[in-house]
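Written out below as structure tokens is the structure these notes cover.
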Amino acid sequence: KNSTLKVIDMHVSHVIGRSQPGAAIFLDAGASVSVTSFDFKNISSDQSGGLAYITGASSLSFHEGIAERITSLADGGAFLLDGASTVTLTNSTFRDCAATGHGGFAYMTAGAVLSLQYALVASTNTKKNGGFAYMTGTSVLRLQQTELKTAQARLGGALYMEAGSRVDGDGKSKIVDTFASENGGGVYADDESHTHLSGFTIEDARATMGAGVYISNGKCSAHNVHVVRGAAFASGGGYFAKNARLNISQGSVSTCSAGRGSGGVGGGIMATDASLLTTAGFVVSNSTADKGGGLAVQQNSKAFVASQTRISHCSAKVGAGIFLQSSECHVTERSIVSDCAAVDGGGGVYVFDGSFANISETSILHNVAYYGGGIHTESCPVYIRKSNISQNSVHSGGYGGAFYLSKKAFGLVDDNSYVNENRATKGGAVYIEKQSLFHLKRSTLSRNQAQYDAGGAYVNSAVMLFEDATVSLNMAYDEGGAVNV
């Protein structure tokens, strides 16, 4: 009780703990132990905490050492932290830790704190959840120039997080090469949880859904979190949110993918089943899927893409930048969708099946598709205000460099917006068909070009309205330099 022990040069090997937790170390009732220069090998327990069990607000710290082959037949391959206890690892390396229960390296209950400073934890796994750590309640994981490498589990390849748990990184720490046989290759946020992530990078994570981060029926805030080369076999190469609230700021998703060659949705981010997604100062780049290379929003979900969020260099069959199905998306505050390429429709944005898109103070630039290099909408409304939809194009033979509207779709471009320097085979800027309506109001349609007909707008069994608009310097090599009806 409230005892303190300092140990220098500690070596422990080939220990088997039976019927009691913590094969090598057990701390309770405010005890404090500090170990400097250590070497632990081949330690196992048939209870929780293969190396150490820490409870009763106790603290344990390790400095400058190595531990290898630590296992538990219950929870917490190396550590179980209970009752507001703390563990600190500094300049330490742990390898080959495993649990039959939850938490391949650590299991943390409410109030527990695990701090890793200049540490490496490699090759951790569990047959259940949380390949590195299983975090419950208000537990906290702190990372400073630390690498968690090669972890695997059923859910949460690295981390399984319950309500109120959080990860606080320094911006230089990494979670690398993780795998979940089901969902959440890097992080899995449990149902009804409110989790917080900040200041670390997830690299080379794999899972069925949510290769980087998976959240279902809860809330998750991610700040300055970067997901790189995440690969989801189905959906959400970077993030996957299902009936959840996901708030992402000042981070990125890059070179992520969804689907094994076809059928994947949301290469960067997937929000579905009445989810609410908000992004601020966020970057999605070089990501790919069958639908929604950068972002996919489906099934009555809402997305607010704001505060200079940028989606660029993404690819898909449809909706290379943003894909909307039965959902709504607001793209605002100097955000950019650029340099995205779709095989079929919507190089920048694809809107269909009862969706709604509101685009304000945004640039949609340098995108390409066959139908609608910038924006493709079927049977859905799209509102554009104070935005720049320019320098988009189509594949050879394609229609609508900036816009393609079909099947009673509606498009409004208003309030000093620009639709300039777009190119297509027909409808250099706009292609409208099948009883759709396009309204250009207090905006500019200029310097667009068609290989054949309608440098500005091609109107086919549809309606085009001009109100206080500027239409100038559009060119077609066949009919209708400005408009072909």
Side-chain angles (χ1 to χ4, degrees), residues 276-282 294-295 297 301-312 319 321-324 327-338 340 346-352 354-367 369 372-392 400-406 408-422 427-432 436-448 456-457 459 462-472 474 483:
L276 174 61
L277 168 70
T278 60
T279 69
F282 188 69
L295 166 64
V297 188
S301 297
K302 294 182 181 180
F304 293 86
V305 179
S307 300
Q308 302 182 56
T309 291
R310 184 180 186 112
I311 300 173
S312 67
I322 300 173
F323 173 86
L324 303 180
S327 296
E328 66 178 81
C329 184
H330 303 264
V331 188
T332 63
E333 297 174 345
R334 301 190 302 282
S335 294
I336 298 174
V337 181
S338 71
C340 296
V349 182
Y350 187 96
V351 187
F352 90 119
S355 294
F356 163 76
N358 176 41
I359 297 169
S360 177
E361 297 180 310
T362 291
S363 295
I364 299 180
L365 309 170
H366 310 127
N367 303 288
I375 297 172
H376 177 124
T377 177
E378 291 185 10
S379 311
C380 298
V382 175
Y383 295 90
I384 312 290
R385 293 180 175 86
K386 296 181 180 179
S387 295
N388 185 15
I389 319 297
S390 298
Q391 297 179 354
N392 302 285
F403 294 92
Y404 180 93
L405 286 75
S406 184
K408 298 182 180 179
F410 173 74
L412 171 66
V413 177
D414 190 10
D415 201 3
N416 294 312
S417 293
Y418 295 90
V419 184
N420 295 344
E421 299 179 14
N422 301 284
V430 183
Y431 189 99
I432 324 164
S436 296
L437 189 153
F438 188 85
H439 187 179
L440 186 72
K441 182 179 180 181
R442 294 177 297 184
S443 297
T444 299
L445 183 77
S446 180
R447 299 188 300 279
N448 300 286
V459 185
V463 177
M464 178 83 184
L465 299 179
F466 295 98
E467 181 181 353
D468 193 19
T470 300
V471 181
S472 66
N474 299 286
V483 180

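Because the structure is predicted, anything quoted here is derived from the model rather than measured. Just so you know, these numbers use all the heavy atoms, side chains as well, and skip hydrogens, waters and symmetry mates.
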remark   = Distance col, row I389:CD1 vs L365:CG, nearest 0.5 angstrom, shows 7.5 Å
task = Apply side chain to side chain donor-acceptor pair (under 3.5 Å) to the pair T332 and S360, showing each step before the final yes or no.
result = CA-CA 5 Å; T332 63; S360 177; over 6 Å; no
message = Angle between ring planes, F352 versus F323, binned at 30° and 60°: parallel, tilted or perpendicular?
response = tilted
ask   = So R442 and D414, salt bridge (Lys or Arg N to Asp or Glu O under 4.0 Å) or not? Walk me through it.
value = CA-CA 6 Å; R442 294 177 297 184; D414 190 10; 3.0 Å; yes
query = Given side chains that start at C-beta, do those of I311 and I322 come closer than 4.5 Å, heavy atoms only?
reply = yes
key: K441 side chain reached by L465 side chain, heavy atoms, under 4.5 Å   = no
query = Can you name the nearest heavy-atom pair linking A303 to V297, along with the distance?
reply = CB-CG2, 3.8 Å
inquiry  = Any non-hydrogen side-chain atom of L276 less than 4.5 Å from a side-chain atom of F304?
reply    = yes
query = How many angstroms lie between atom CG of L440 and atom CZ of F403, to the nearest 0.5 angstrom?
reply = 9.0 Å
query = Could you state the interatomic distance from CD (E378) to OG (S355), rounded to the nearest 0.5 Å?
reply = 11.0 Å
query = Which pair of non-hydrogen atoms, one from I375 and one from I364, has the smallest distance, and what is that distance?
reply = CD1-CD1, 3.8 Å
message = Measuring from atom NZ of K302 to atom CG of L277, what distance do you get when rounded to the nearest 0.5 angstrom?
response = 13.0 Å
remark   = dist E361:CD -> Q308:CD (nearest 0.5 Å) comes out at 11.0 Å
query = Around atom OH of Y418, are there more than 12 heavy atoms of other residues, nucleotides or ligands at under 6.0 Å?
reply = no
inquiry  = Would you compute the distance between atom OG of S338 and atom CG of N367 and round it to the nearest 0.5 angstrom?
reply    = 6.5 Å
remark   = For S379 and A409, the nearest pair of non-hydrogen atoms, with its separation, is N-CB, 3.7 Å
request  = Please report the C-alpha distance between V419 and V413 in whole Å, then the side-chain angles of each, then the deciding distance to 0.1 Å, and finally whether the side-chain contact (heavy atoms from CB on, under 4.5 Å) criterion is met.
outcome  = CA-CA 9 Å; V419 184; V413 177; 4.1 Å; yes
message = Any heavy-atom pair between the side chains of T279 and L295 that's under 4.5 Å?
response = no
